[in-house]
J.: 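Structure below; questions to follow.
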Number of protein chains: 2
Amino acid sequence: MELFATQGFAATTVPEIAARAGLTTRTFFRYFADKREVIFAGDEIPQLARDYLASAPAGVAPMRLIVDGLSRVAAERFAGRRQEVAPVRRLVLADEQLRERDARKRADLTAAVRDGFNRRGIPPSEAAVLAETAVALWHVALEQWLSGPDDVPLPTVIAECYAQLRSAVLEAGPVPP
Amino acid sequence: MELFATQGFAATTVPEIAARAGLTTRTFFRYFADKREVIFAGDEIPQLARDYLASAPAGVAPMRLIVDGLSRVAAERFAGRRQEVAPVRRLVLADEQLRERDARKRADLTAAVRDGFNRRGIPPSEAAVLAETAVALWHVALEQWLSGPDDVPLPTVIAECYAQLRSAVLEAGPVPP
DNA sequence: AGTCATGATGACACTCCATGTCATGGAGTG
DNA sequence: CACTCCATGACATGGAGTGTCATCATGACT
């Protein structure tokens with residue numbers, strides 16, 4: 001992180017990182033699949049999503065499960081950590097390769113949520129729509145939370161985003177026949 | 001595409017591609033920023049989205065704009081081309097690097113749609129939610145269309161996906177206060 | 001026809017990422 | 001004390017991607 005902060009991600013080589021950590025390049029690649037993973041390794045959110053969807057009571061409306069689940073993850077893993085998450089996020093957004101890897105991680109999370117809904121007996125097509133919606137809400141809320149003032153809790157932002165989605169759907173009405 | 005079909009994407013080197021095309025490796029990289037772009041280059045959909053949102057009449061409900069716009073792009077650019085798009089999609093889904101690039105292209109499209117809504121005067125936060133929803137619907141519908149039978153038109157799948165989103169939101173109701 | 005600018009391509013060298021392979025050494029175990 | 005196991009180092013290699021200069025075809029202008 002020190003090297004990235006001073007030189008940027010792209011300009012920092014793996015040998016540099018390894019040397020700073022007192023290791024060889026080869027050992028670096030034994031811990032991280034590639035250079036980008038050094039930022040993203042150890043992401044537990046997909047597993048959290050699976051666990052939450054597996055343990056939630058049956059019969060709850062899926063979209064309610066989503067808003068509840070997002071708020072819970074927000075409260076458990078992000079509350080009070082905004083000042084610590086924001087710099088990493090800035091680093092990711094500043095580099096094309098990292099944005100790309102971030103997009104892949106997002107796809108991984110979507111797959112986890114879709115899988116979680118499938119295991120709850122929701123048919124694949126609907127599960128896909130729900131998973132995409134969940135992750136979309138999550139990302140918009142996170143981005144907004146990180147770029148906004150420090151005194152707004154993430155669950156509040158999530159609720160606002162969902163409210164916007166809901167009103168957009170209500171305003172548009174059903175699909176024309 | 002011939003090389004990718006027989007060897008897979010990862011096992012095909014840029015010198016191989018260049019030689020098959022009668023060019024040098026250096027020239028390949030003058031046309032494509034990297035090896036992955038050879039699959040994705042020339043994607044016009046983000047620009048289509050911008051144009052559509054710029055030219056659509058004012059006052060239309062944004063979510064209606066989305067469903068209409070997606071159906072239009074589907075009809076204009078994908079109607080009858082399912083047999084031609086599906087193999088490329090399979091190639092992308094079979095390779096990790098290509099899935100990653102695909103995720104980035106999706107993010108690019110999201111940015112274009114968000115921008116389009118912003119230019120229509122929709123506030124940033126709402127525009128972000130709308131853009132994410134639009135691209136989510138698009139991807140789910142496209143995936144479902146490509147994996148399903150050949151006689152279902154893409155606009156129909158889009159309408160079904162939106163209907164699922166709408167009923168999920170209606171079922172869940174407003175956010176708890 | 002001759003000259004010149006332009007742009008595309010080839011040729012070459014180079015750095016960095018990523019991986020396969022074997023050697024080494026230290027921590028436990030009997 | 002020998003032995004196994006595992007992490008790391010050392011080394012070699014190949015492929016991606018880029019900078020730089022030379023070459024050559026094209027077309028405009030005189």
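Quick note on labels: first sequence line is chain A, next is B, and so on, each numbered from 1. Fair warning: this is a prediction, and the values are worked out from it, not measured in the lab.
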J.: Rounded to the nearest Å, what distance is computed from the CZ atom of residue Phe29(B) to the P atom of nucleotide dG15(D)?
T.: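 It works out to 12 Å between those atoms.
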
J.: Donor-acceptor check, side chain of Arg99(B) to backbone of Leu93(B), threshold 3.5 angstrom: yes or no?
T.: yes

J.: What is the distance, rounded to the nearest whole Å, between atom CZ of Arg26(B) and atom P of dG17(D)?
T.: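 After rounding, the gap between these two atoms is 12 Å.
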
J.: Between Thr27(B) and dG10(C), does any side-chain N or O lie under 4.0 Å from OP1 or OP2?
T.: yes

J.: Return the value, rounded to whole Å, for the distance between atom CG of Leu23(B) and atom P of dA11(C).
T.: 11 Å

J.: Does the distance from a Lys or Arg side-chain N to an Asp or Glu carboxylate O, for Asp43(B) and Lys105(B), drop under 4.0 Å?
T.: no

J.: Which nucleotide, in any strand shown, forms a Watson-Crick or G-U wobble pair with dG28(C), with both distances under 3.5 Å?
T.: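 Base partner found: dC3(D).
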
J.: Using a distance-only test with no angle check, is there a side-chain donor-acceptor pair under 3.5 angstrom linking Ser125(A) and Gln164(B)?
T.: yes

J.: Base, sugar-phosphate or nothing for Tyr31(A)? Non-hydrogen atoms, less than 4.0 Å.
T.: sugar-phosphate

J.: Taking everything shown except Glu2(A) itself, do over 12 heavy atoms lie less than 6.0 Å from its CD?
T.: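 Atom CD in Glu2(A) is not crowded, with 12 or fewer foreign heavy atoms closer than 6.0 Å.
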
J.: Does this structure show an ion pair linking Arg101(B) with Asp34(B), if we count only N-O contacts that are shorter than 4.0 Å?
T.: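 Salt bridge present between Arg101(B) and Asp34(B).
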
J.: Specify the residues of residues 93-102 of chain B, ordered by number, for which at least one heavy atom lies under 4.0 angstrom from an atom of DNA chain D.
T.: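 Going residue by residue through residues 93-102 of chain B, none turns out to have a heavy atom under 4.0 Å of DNA chain D.
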
J.: Calculate the interatomic distance between Phe28(B) atom CZ and dT18(D) atom P; express it in whole Å.
T.: 11 Å

J.: Has Arg120(B) got a side-chain atom pairing as donor or acceptor with Leu53(B)'s backbone, closer than 3.5 angstrom?
T.: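 Yes; judged by distance alone, with no hydrogens or angles, the pair exists.
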
J.: On DNA chain C, check which nucleotide each of Thr13(A) and Gly22(B) is closest to and give me the residue with the more 5' one.
T.: Gly22(B)

J.: Could you check how far CD of Gln7(B) sits from P of dG15(D), rounded to whole Å?
T.: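 Atom CD in Gln7(B) sits about 11 Å away from atom P in dG15(D).
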
J.: On DNA chain D, compare the nucleotides closest to Arg30(B) and Thr12(B); which residue's is nearer the 5' end?
T.: Thr12(B)

J.: What is the distance, rounded to the nearest whole Å, between atom CZ of Phe9(B) and atom C1' of dA16(D)?
T.: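 Rounded to the whole Å, the gap is 11 Å.
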
J.: Taking the six-membered ring of Phe28(B) as reference, does the NZ or CZ atom of Lys35(B) fall below 6.0 Å from its centre and within a 45° cone about the axis?
T.: no

J.: Which whole-number value in Å describes the distance from Ile17(B) CD1 to dG15(D) P?
T.: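 The distance from CD1 of Ile17(B) to P of dG15(D) comes to 12 Å, rounded to the nearest Å.
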
